[in-house]
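Worksheet for the structure shown next.
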Amino acid sequence: MGDYLTPAELPHPKLKRTNTGFTPNQIIALDAAIPEAAKKTWNKYSLLKPLGGRNHNEEEPGVFNAEEKFEEYFVRHVETTLARNMYNCDTLAAYQATSNTIRDGLLVDWANTQQKQTIHDGKRVYYLSLEFLMGRALDNALINLNARNNTTTSLEHLGFNLEDVLDQEPDAALGNGGLGRLAACFVDSLSSRNYSGWGYGLNYQYGIFKQKIIDGYQVETPDYWLKYSNPWEIDRNEIQIPVDFYGYVYENYDTNTGEAKKVWAGGERVLAVAADFPIPGYNTSTTNNLRLWNARPTTEFDFGKFNAGDYQQSVAAQQRAESITSVLYPNDNFESGKELRLKQQYFWVAASLHDIIRRFKKTHKSNWDKFADQVAIQLNDTHPTLAIVELQRVFVDVEGLDWDKAWSIVRKVFAYTNHTVMTEALEKWPVTVLSRLLPRHMEIIYDINFFFLKDVERKFPHERDILSRVSVIEESEPKQVRMAYLAIIGSHKVNGVAELHSELIKTTIFKDFVRVFGPDKFTNVTNGITPRRWLRQANPKLAALIAEALNDPNYEYLTNLGMLKKLEPLVDDDTFLKKWDAIKFDNKRRLAGLIKSETGIEVDPSVMFDVQVKRIHEYKRQQLNIFAVIYRYLHIKKLIREGKSVDDIKKNYYIPKCSIFGGKAAPGYYMAKTIIHLINEVASVVNHDTEIENLLKVVFIPDYNVSKAEVITPASDLSNHISTAGTEASGTSNMKFALNGGLIIGTVDGANVEITREIGEENIFLFGNLAESVDELRHKHVYEGVKVPESLQEVFSAIESGLFGNADEFKSLVESIKYHGDYYLVTDDFDLFLEAHRKLEKVYGHDGSGHLHNWVKKSLLNVAQYGLFQF
């Protein structure tokens, strides 16, 4: 029958193919059982050969390195996937067809990666994060696949411009801040470094929110990022995992052994349905997986209620279920919001653990002694802490392990990354909410705490106070579950994310746990970033200049940033420095275009761009920055009143500068939203003051996200990382700015410490009180009052005078500093901040003289010394 199989030639029925994959032995057996004729037929039509663009040994070129192949599949997707043709293929359709074409090839690498990892049967790391701030996928894939040039040419042949096509992709709204971007860099680097690793998260339909600035206020609107679907998402509707909530717990006795067994009867069930996102590595065929869960009801439609006329209740179950994955971080100022957020966390970890256990049992059955050898689970902050409790529940209640054995395995599997040194920022859940939503888990938490406290009591028999200090249950009103404490107890390692942070958590918030477990349990893993996105994608001209200088046409330095050290001798090469500076200016012009389109404000790219973009929070001290901008404006106006010309001011006092802000405030965080309002009111006054010409502009870029960061970061002359010392765990935006040649003004906090050590104190502008002084200063504020320096009082007087709009709207912000303790030490650091600016402006050069030989040299050295902070 030629290339076709007879029934006798079919593989053995016991080797029937499934949608959940195979064990290593099954793959080998199945490969041997498939007749050669079948393999020949399959390979004839498989996408593996024509689209396997990273299989460099293939005689036939793939879609990633052959224009004709790309164009063939592009047209096919336009005509068959999108049901369009040459005449109605607009730029959006071009983006969708391009994404589908590139994704086709990725899926082959993805399938091969999963098969290789299954056959190897090694340990796999699972990264649990409630946020994955991925940004745009297409450009990242093109760079990681080394396909950008080919795709650019092919799209030109088809009548499209790559940059226009890339702009059609919305940012994936799966995260908010540094936590989510760190997770995105992690999964990218797992693939790039050929680790076997998956990410697990939630597939939010709307993200946190789309930020609009209306009359100077932040206004939250839905972020419809999936309006045109997501070509990078692979729906796995066959993977549906039931997740229960509410209900009750009862004991069931085994008639054979007489032992009692706890049974949780859930009162509400939803389904977790998988969606996969392939994560390609850079210069490798490894393509790992990010699995995100969608919440679906077990029964979408109650036909009986619909027929009875109760239309709202007929779809109530569907609405309750889908709300779980509707929005990142629902507002938890109300009880219902707290419960929904807790639902999100349990839904996600329960589905992920079920998937992990299923994958383990497929190969190792119930040989639980091997579980910790095969599975490592990293908890990104405390959000996934319920995974510890859930795994213990599955082992004890479902798999029948005794408590001690189960707990021993659990503690070997989990590791916990802490992201804060602030006690008030540590996640807690009311016992009442947790007991209602997850009654069996609350019992297990009490048991975990009981056995832990018994151990502590044996170690410290004469210290009763330590028991309450380390207890998972906080005896407050209402009682709370301390999730960070639970994460520490249930993990074998706890890491901070910068050296200073890791030391601080051992001496402050977790010092009692260091005594209980010993210092070896607590370690440091300094954050990093992926240079593929944050240099080559965000700043392609600089990346190319560096590659040329290093004689590295294949950009190998992007996976070995230590090579950047070779740039150091070029610090005295004026020709190279001019090229470096010209690229910065081009990036500033590009950012000026973004500012104009987003805000209507025209800025001069020849002035210093002074940037602070990050989540808005009092501890990050955007208020300190805008107060300094106000002081600068008031002083400029004073100098003009004294008869100084703008040229005099530029030469002797202040360089022209544009202060650029961006970031979102949590919907319920009133003070952060007040800071945004003040920034915009100051901008309105300053930008309309023609008397000061281009000496000062103030800009707030709305809806800050990854794609905007890719424009802002390369254009920065100076970036602000000015958190109160001892409050920022690490920060990663400081690393992105440094890698792009932007100088840093910052406090001795987070990763600023390690960046300073790498690049040298002379190449960074540090200021402010040190972490060891913070508690003493706060104590002094409480007992002696806050002393507002004269410079800052000028700023407060201007705000209170109504210069920047209704003074009452900023009263709470000013009074929190003047009369309520100034918790974040704005008064203590304000003059130091101003002095740091005076110093750095001398380096920049008031009249432009010395700019090339001072500022640009420091910019180059920031990049050359950067090697430590890569993933």
Side-chain angles (χ1 to χ4, degrees), residues 213 215-216 584-614 616 622-640 644-663 675-704 708-709 711-720 722 737 742-743 745 795 798-799 803-805 833-834 837-838 840-841 844-848 851 855:
I213 302 299
D215 296 330
K584 176 67 73 174
F585 187 72
D586 276 350
N587 288 328
K588 290 170 72 173
R589 285 196 298 188
R590 182 178 173 216
L591 175 55
L594 174 69
I595 291 169
K596 173 69 174 174
S597 65
E598 290 285 330
T599 69
I601 301 169
E602 292 190 8
V603 299
D604 180 356
S606 70
V607 309
M608 173 186 272
F609 279 12
D610 182 346
V611 176
Q612 187 177 21
V613 285
K614 53 186 70 201
I616 309 296
Q622 287 92 350
Q623 71 274 36
L624 174 65
N625 194 355
I626 193 60
F627 292 158
V629 171
I630 294 171
Y631 179 83
R632 185 187 195 92
Y633 174 68
L634 295 174
H635 197 205
I636 289 171
K637 294 292 285 184
K638 181 182 177 183
L639 291 170
I640 290 174
K644 302 288 192 300
S645 70
V646 168
D647 287 339
D648 286 338
I649 296 171
K650 288 180 182 178
K651 189 171 183 179
N652 299 305
Y653 296 94
Y654 293 114
I655 61 171
K657 183 167 77 168
C658 179
S659 288
I660 300 167
F661 295 83
I675 293 169
I676 291 175
H677 185 209
L678 179 60
I679 293 169
N680 282 290
E681 290 300 309
V682 172
S684 180
V685 172
V686 170
N687 298 338
H688 288 92
D689 190 335
T690 57
E691 189 177 41
I692 66 173
E693 298 181 12
N694 73 337
L695 273 171
L696 183 63
K697 292 280 188 181
V698 182
V699 172
F700 187 93
I701 299 175
D703 206 40
Y704 177 62
K708 287 178 181 173
V711 178
I712 296 167
T713 306
S716 165
D717 290 307
L718 181 73
S719 63
N720 290 259
I722 56 177
F737 285 107
L743 273 60
I745 181 170
V795 173
I799 294 171
L803 178 60
F804 304 108
F833 187 47
L834 296 180
H837 271 281
R838 282 190 280 270
L840 70 87
E841 291 186 20
Y844 196 85
H846 285 287
D847 57 358
H851 179 135
W855 195 268

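In this chain, numbering begins with 1 at the start of the sequence shown.
In plain terms, the two heavy atoms of V795 and F627 that are nearest each other are CG2-O, 3.5 Å. Among all heavy-atom pairs drawn from A628 and F833, the shortest one is CB-CE2, 3.5 Å. Summarising the geometry of A709 relative to P714, their closest heavy-atom pair is O-CD, 4.0 Å, with the distance given to 0.1 Å. Contact detail for A798 and F804: the closest heavy-atom pair is CB-CE1, 4.1 Å. For the pair P605 and R589, the tightest heavy-atom approach, listed with the atom from each and the gap, is CG-CG, 3.7 Å.
Evaluation of the side chain to side chain contact (heavy atoms under 4.5 Å, CB included) rule for K596 yields E602 as partners, not counting sequence neighbours. Under the rule for a side-chain hydrogen bond (donor to acceptor under 3.5 Å, both in side chains), the partners of D610 that lie at least two apart in sequence or sit in another chain are K657, N720. Take Y633 and apply the ring pair (Phe, Tyr, Trp, His ring centres under 6.0 Å) test, not counting sequence neighbours, and it matches no residue. For the side chain to side chain contact (heavy atoms under 4.5 Å, CB included) test, residues two or more places apart in sequence or in another chain that qualify with S716 are V611, S719, F737. By the side chain to side chain contact (heavy atoms under 4.5 Å, CB included) test, A592 is found to be paired with V603, residues two or more places apart in sequence or in another chain being considered.
Distance check, rounded to the nearest 0.5 Å: CG of L803 to NZ of K637 gives 9.0 Å. Taking CD1 of I660 as the start and CD of Q612 as the end, the distance is 12.0 Å to the nearest 0.5 Å. For the atom pair D215 CG and S684 OG, the distance stands at 10.0 Å (nearest 0.5 Å). To the nearest 0.5 angstrom, I630 atom CD1 is 11.5 Å from Q623 atom CD. Here the CD1-CG distance, from I601 to N687, works out to 4.5 Å after rounding to the nearest 0.5 Å. Atom CD1 in I640 sits 4.5 Å away from atom CD in E691 (nearest 0.5 Å).
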### Task
Report the C-alpha distance between F661 and V613 in whole Å, list the side-chain angles of each, state the deciding distance to 0.1 Å, and finish with yes or no for side chain to side chain contact (heavy atoms under 4.5 Å, CB included).
CA-CA 5 Å; F661 295 83; V613 285; 6.0 Å; no
### Message
The test is side chain to side chain contact (heavy atoms under 4.5 Å, CB included); show your working for V711 and N587 and say whether it passes.
### Response
CA-CA 7 Å; V711 178; N587 288 328; over 6 Å; no
### Task
For side chain to side chain contact (heavy atoms under 4.5 Å, CB included), just list the numbers for W855 and L840, CA-CA rounded to whole Å, side-chain angles, deciding distance to a tenth of an Å, and then say yes or no.
CA-CA 9 Å; W855 195 268; L840 70 87; 4.1 Å; yes
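Counting heavy atoms from C-beta on, the side chains of Y653 and L639 come closer than 4.5 Å. Side-chain atoms of Q622 and I722, non-hydrogen and from C-beta on, never get closer than 4.5 Å to each other. Between F609 and I712, the closest side-chain pair of non-hydrogen atoms is not below 4.5 Å. At a threshold of 4.5 Å between non-hydrogen side-chain atoms, the residues I655 and V607 do not count as touching.
For the 3.5 Å distance criterion, the side chains of Y654 and H635 qualify, holding a donor opposite an acceptor.
A distance-only check finds a donor-acceptor pair linking the side chain of N680 to the backbone of I676 [under 3.5 Å].
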Residues 694-703 side chain polar contacts: donor-acceptor under 3.5 Å, at least two apart:
| residue | atom | partner | partner atom | Å |
| --- | --- | --- | --- | --- |
| N694 | OD1 | K650 | NZ | 3.2 |
| N694 | ND2 | D604 | OD2 | 3.2 |
| D703 | OD1 | Q211 | N | 2.9 |
| D703 | OD1 | K664 | NZ | 3.1 |
| D703 | OD2 | K210 | NZ | 3.2 |

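With salt bridges taken as basic N to acidic carboxylate O contacts below 4.0 Å, none links D648 and K651.
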